[in-house]
Trainee: 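Have a look at this one before I ask anything.
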Amino acid sequence: MAHKTYTDYFFDKSAFNTLDGGYVPLTVNHDAPAKPLAIPALHPADSEDANHVEYTVTARTGEVQMLPGKPTKTWGYDANVLGQTIVFKEGQDVTIHLKNDLPELTTFHWHGLNVPGPYVDGGCHAPVYPGETKDIQFTVKQPAATLWLHAHPCPETAVQVYHGLAAMVLVQDAEEAKLPLPRNYGVDDIPVVLQDRHFNQDNQWDYQADYDPDGVQGPTAVINGTVNPYFDVTTTRVRLRLLDGANRREWRLHFGDNHEFAQVASDGGILPSPVYFTHLMLTCAERAEIVVDFSDYAVGDTVALYSDDVPLLTFRIKAKNDNGHGELPEKLADIPRLQATPGLPIHKVVMSGMDEAVEIDGKKFDMQRIDSTQDLGVTEIWDVTNTNDMHGGMIHPFHIHGGQFQIISRDGHDPYPNEYGWKDTVGVNPGEHVRFAMKFDFAGVYMYHCHILEHEDGGMMAQIEVIDPSEPRPKYKLMDHHTLMTAFAKERGVSMDEMWIGAMNSYKKMGMHM
């Protein structure tokens with residue numbers, strides 16, 4: 001069946017991060033020999049049956065031999081870097097024991113998971129202190145999707161993710177299981193976490209030395225914690241679960257020969273139909289599941305996945321086993337469109353600024369302040385604007401905790417072709433209005449912010465309280481800035497005045513407080 005193939009990145013080229021004054025271009029690190037792509041192990045459950053699963057997830061330190069010489073010191077979730085892949089099934093009741101074996105407090109944020117806030121969601125109001133274990137419980141109520149777990153202890157989210165605290169989270173359901181998609185994990189269903197790092201003295205990551213308030217970047221691509229990786233293809237088709245897990249970098253992806261691929265899922269799950277690309281751009285925190293058909297290549301061929309003009313991951317065709325998945329169907333999933341609850345105003349959000357001047361609605365984030373409210377169960381239309389015209393502006397990836405939304409329009413025009421599924425993060429061009437429909441399924445306090453990690457740490461973040469009008473409004477125990485800073489200083493063995501936290505300069509330079 002004939003289909004349309006898209007060959008451009010859609011986003012405003014004039015706002016690509018390649019034009020930033022502080023842009024760090026990717027280069028091939030020739031010091032590192034080619035290595036097999038590291039595939040995160042599947043996280044073992046403590047116990048599991050048809051209705052319930054129990055996990056213990058531990059944040060800990062580690063080290064990884066990424067370059068010749070000294071191993072790089074890292075953090076991870078039950079792994080030396082990144083984390084073991086956690087699998088949930090739709091409808092399951094889940095218990096997770098969150099254990100912190102790090103030298104300082106952290107949080108466990110379930111990015112894209114539809115769970116109550118603020119404590120289960122794992123933003124800055126849910127600290128787990130060193131040596132402590134906290135338990136969370138929830139029921140999985142969303143379709144199959146590629147989500148992720150990462151640290152979120154404002155204003156130290158960026159540095160903890162940069163240390164390595166990011167892991168894939170997969171939701172499975174019966175509808176996705178019926179589709180003709182590769183799903184043999186590690187063989188033809190592959191997680192691909194896209195990150196970049198600067199290896200400083202002795203192969204270490206020195207976040208403070210590389211700090212940039214517009215987002216820390218490094219010249220070396222690190223894919224699943226691997227430098228110069230390759231993957232041996234043994235099947236005719238491969239499913240890649242792509243995650244932009246970088247602090248700042250946009251990834252403009254294409255194969256070296258412009259080989260076509262099909263996107264079958266976005267942040268929150270399967271798309272209504274496959275969308276065919278030769279070029280695909282991801283902004284920070286976005287996910288895309290793509291199916292690549294390698295059947296036209298011969299055994300012994302190689303083809304590389306690039307970002308811009310730099311190879312990221314080489315695919316070596318080792319065998320052509322038919323994994324039973326022919327041409328993708330024209331229809332993948334039924335996704336009923338959310339309808340706005342009548343009589344509600346448009347929920348407007350304005351992102352502005354660059355460097356230390358980043359704000360939402362003219363303010364920097366305050367952990368004790370509720371910036372907006374929405375009733376439980378209603379569907380509101382959100383209008384998110386990027387007013388940024390400084391130095392030509394930049395694309396801000398907007399993320400909201402607490403569920404998934406449906407994009408309605410960009411500046412009154414249709415969304416991009418791959419934006420008709422569920423999303424939790426959307427890149428907004430300078431001067432653009434993006435409208436989406438949002439309904440929360442749980443009461444609680446949730447954050448919404450730019451997902452350039454240094455921007456959210458620097459104050460480009462706000463909070464919404466979702467209120468159940470049928471229940472008395474609860475009083476949430478929200479973390480405060482002084483308690484958080486006191487804890488970090490004590491854990492690091494320094495005074496408050498001696499402690500370096502890069503994002504706090506954004507507040508000081510603007511004469512504001514968190």
Side-chain angles (χ1 to χ4, degrees), residues 57 59 75 77 96 98 100 102-113 115-130 132 134 136 138 148-163 165-166 207 247 284-285 358-361 363-372 397-403 424-425 442-466 474-492 496 499 501-507 512-514:
V57 179
W75 292 4
Y77 297 110
I96 306 180
L98 306 172
N100 183 3
L102 298 170
E104 62 183 50
L105 72 87
T106 190
T107 76
F108 296 72
H109 170 50
W110 304 91
H111 183 122
L113 199 61
V115 293
Y119 312 122
V120 177
D121 171 70
C124 64
H125 302 301
V128 183
Y129 292 90
E132 187 177 56
K134 286 188 176 179
I136 59 171
F138 57 89
W148 62 306
L149 164 66
H150 66 80
H152 208 308
C154 326
E156 288 284 79
T157 297
V159 67
Q160 290 201 0
V161 173
Y162 199 79
H163 281 327
L165 290 180
Y207 181 84
N247 286 41
C284 295
V358 293
E359 296 176 328
I360 282 188
D361 295 332
K363 294 174 285 188
K364 285 190 177 292
F365 178 59
D366 182 335
M367 286 187 279
Q368 295 285 294
R369 186 184 68 227
I370 300 299
D371 298 282
S372 60
F398 179 85
H399 168 58
I400 186 166
H401 294 214
D424 57 55
T425 307
F442 298 98
V445 174
Y446 300 97
M447 289 180 280
Y448 52 96
H449 55 83
C450 174
H451 215 286
I452 294 172
L453 297 182
E454 284 72 20
H455 282 184
E456 64 177 271
D457 280 346
M460 201 174 197
M461 183 154 59
Q463 293 186 118
I464 183 170
E465 183 178 352
V466 179
K475 179 68 175 177
Y476 296 100
K477 183 179 179 181
L478 303 182
M479 173 63 78
D480 66 273
H481 177 68
H482 179 75
T483 299
L484 190 66
M485 293 298 103
T486 300
F488 277 131
K490 181 179 178 181
E491 290 157 3
R492 297 174 189 182
M496 296 272 278
M499 184 168 58
I501 293 181
M504 294 316 300
N505 289 328
S506 294
Y507 286 82
M512 299 178 179
H513 302 281
M514 177 173 278

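These numbers were taken from a predicted model, which means no experiment stands behind them.
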Trainee: Measuring from atom CG of L453 to atom OG1 of T157, what distance do you get when rounded to the nearest 0.5 angstrom?
Mentor: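 Spacing of CG (L453) from OG1 (T157) equals 7.0 Å.
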Trainee: Of all heavy-atom pairs between G122 and A126, which one has the smallest distance, and what is that distance?
Mentor: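 Closest approach of G122 to A126: CA-CB, 4.0 Å.
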Trainee: Looking at every heavy atom in both A166 and Y77, which two are closest together, and how far apart are they?
Mentor: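 The answer is N-CE1, 3.6 Å.
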Trainee: Given side chains that start at C-beta, do those of Q463 and P118 come closer than 4.5 Å, heavy atoms only?
Mentor: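 No; the side chains remain at least 4.5 Å from each other.
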Trainee: Going by salt bridge (charged side-chain N to carboxylate O under 4.0 Å, His left out), name the pairs with one or both residues in residues 148-161, residues two or more places apart or in two chains.
Mentor: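 Listed by first then second residue: E156-R492.
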Trainee: Of all residues at least two apart in sequence or in a different chain, which pass the ring-ring contact (aromatic ring centres under 6.0 Å, His included) check with H125?
Mentor: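 Partners of H125 by the ring-ring contact (aromatic ring centres under 6.0 Å, His included) criterion come out as none, since no residue qualifies.
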Trainee: Is it the case that the side chain of D457 and the backbone of A158 share a donor-acceptor pair, with hydrogens and angles ignored and the cut-off at 3.5 Å?
Mentor: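 It does hold such a pair.
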Trainee: Which distance, rounded to the nearest 0.5 Å, do you find between the CG of L102 and the CD of Q160?
Mentor: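 Here the interatomic distance stands at 6.5 Å.
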Trainee: So how far is it from L113 CG to L149 CG, rounded to the nearest 0.5 Å?
Mentor: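 If we round to the nearest 0.5 Å, L113:CG and L149:CG are 10.0 Å apart.
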Trainee: The criterion is ring-ring contact (aromatic ring centres under 6.0 Å, His included); which residues satisfy it with Y446, sequence neighbours excluded?
Mentor: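 Y446: ring-ring contact (aromatic ring centres under 6.0 Å, His included) contacts with F440.
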Trainee: What's the shortest heavy-atom distance between M499 and A489, and which atoms?
Mentor: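 So the minimum-distance heavy-atom pair works out to SD-N, 3.5 Å.
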Trainee: Please find the pair of heavy atoms, one from A59 and one from L165, that lie closest to each other, and give the distance.
Mentor: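 Heavy-atom minimum between the residues: CB-CD2, 4.3 Å.
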Trainee: Go through the structure and list residues passing salt bridge (Lys or Arg N to Asp or Glu O under 4.0 Å) with D121, not counting sequence neighbours.
Mentor: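 So D121 forms no salt bridge (Lys or Arg N to Asp or Glu O under 4.0 Å) with any residue.
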Trainee: Taking ring-ring contact (aromatic ring centres under 6.0 Å, His included) as the definition, give me every residue that meets it alongside H455, ordered by chain and number, with sequence neighbours left out.
Mentor: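 Counting only residues at least two positions away or on another chain, H455 forms a ring-ring contact (aromatic ring centres under 6.0 Å, His included) with H396.
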Trainee: Evaluate the side-chain proximity of S372 to Y448: yes if any heavy-atom separation is below 4.5 Å, no if none is.
Mentor: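 The answer is yes, as the side chains (C-beta and beyond) meet within the 4.5 Å cut-off.
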Trainee: Please state whether the rings of H449 and H401 are parallel, tilted or perpendicular, taking 30° and 60° as the class boundaries.
Mentor: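 Perpendicular.
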Trainee: One pair to check against side chain to side chain contact (heavy atoms under 4.5 Å, CB included): H482 and M496. What are the steps and the verdict?
Mentor: CA-CA 10 Å; H482 179 75; M496 296 272 278; 4.2 Å; yes
Trainee: Step through it carefully: locate the ring centre of H152, locate the ring centre of H111, and say whether they are under 6.0 Å apart.
Mentor: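 They do not qualify: ring centres at least 6.0 Å apart.
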Trainee: The criterion is salt bridge (Lys or Arg N to Asp or Glu O under 4.0 Å); which residues satisfy it with E454, sequence neighbours excluded?
Mentor: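 By the salt bridge (Lys or Arg N to Asp or Glu O under 4.0 Å) rule, E454 matches no residue at all.
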Trainee: At what distance, to the nearest 0.5 angstrom, does OG of S506 lie from CD of E456?
Mentor: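 It comes to 12.0 Å.
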Trainee: Just wondering, do D480 and M367 contact through their side chains at under 4.5 Å, heavy atoms?
Mentor: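 No. Closest side-chain heavy atoms not under 4.5 Å.
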Trainee: Between R369 and K363, is a side chain to side chain contact (heavy atoms under 4.5 Å, CB included) present by the stated rule, with each step listed?
Mentor: CA-CA 11 Å; R369 186 184 68 227; K363 294 174 285 188; 3.8 Å; yes
Trainee: If you apply the rule side chain to side chain contact (heavy atoms under 4.5 Å, CB included), what do you find for K134 with F108, and how did you get there?
Mentor: CA-CA 10 Å; K134 286 188 176 179; F108 296 72; over 6 Å; no
Trainee: Got L478 and I370 here, is their nearest side-chain heavy-atom distance under 4.5 Å?
Mentor: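 Yes, their side chains come closer than 4.5 Å.
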Trainee: So which heavy atom on A487 is nearest to which on Y129, and how close?
Mentor: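 Of all heavy-atom pairs spanning A487 and Y129, the closest is CB-CE2, 3.9 Å.
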Trainee: Taking the side chain as C-beta and beyond, is there a heavy-atom pair between L484 and L105 under 4.5 Å?
Mentor: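 They are in side-chain contact.
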Trainee: Is there side-chain contact between V358 and K364, with heavy atoms separated by less than 4.5 Å?
Mentor: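 Sidechains of K364 and V358: in contact.
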Trainee: Quick one: does E104's side chain get under 4.5 Å of P153's, heavy atoms only?
Mentor: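 E104 does not reach P153 side chain to side chain.
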Trainee: Looking at E132 and N100, would you say the former's side chain and the latter's main chain have a donor-acceptor pair under 3.5 Å?
Mentor: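 Not a single qualifying donor-acceptor pair exists.
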Trainee: If you take the centroid of each ring, where Trp contributes its six-membered ring, are F442 and F138 closer together than 6.0 Å?
Mentor: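 They do not qualify: ring centres at least 6.0 Å apart.
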Trainee: How long is the straight-line distance from CD1 of I360 back to CG of D371, given to the nearest 0.5 Å?
Mentor: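 So the CG of D371 and the CD1 of I360 are separated by 8.0 Å.
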Trainee: What's the separation between atom SG in C154 and atom CE in M479, rounded to the nearest 0.5 Å?
Mentor: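 Atom-to-atom, C154:SG and M479:CE are 10.0 Å apart.
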Trainee: Take Y207 and N247, measure what side chain to side chain contact (heavy atoms under 4.5 Å, CB included) needs, and give me the verdict at the end.
Mentor: CA-CA 11 Å; Y207 181 84; N247 286 41; 4.0 Å; yes
Trainee: Using the six-membered ring wherever Trp is involved, compare the ring planes of H109 and H150 and label them parallel, tilted or perpendicular (cut-offs 30° and 60°).
Mentor: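 Ring orientation of H109 relative to H150: perpendicular.
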Trainee: Where is the tightest heavy-atom contact between Y507 and G459, given as atom of each residue plus distance?
Mentor: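 Where Y507 meets G459 most closely, the heavy atoms are OH-CA, 3.3 Å.
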Trainee: Does any N or O in the side chain of T107 come within less than 3.5 Å of the main-chain N or O of C124, such that one atom is a donor and the other an acceptor?
Mentor: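 Not a single qualifying donor-acceptor pair exists.
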Trainee: Do the non-hydrogen side-chain atoms of I452 and P397 ever get within less than 4.5 Å of each other?
Mentor: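 Answer yes - side chains close enough.
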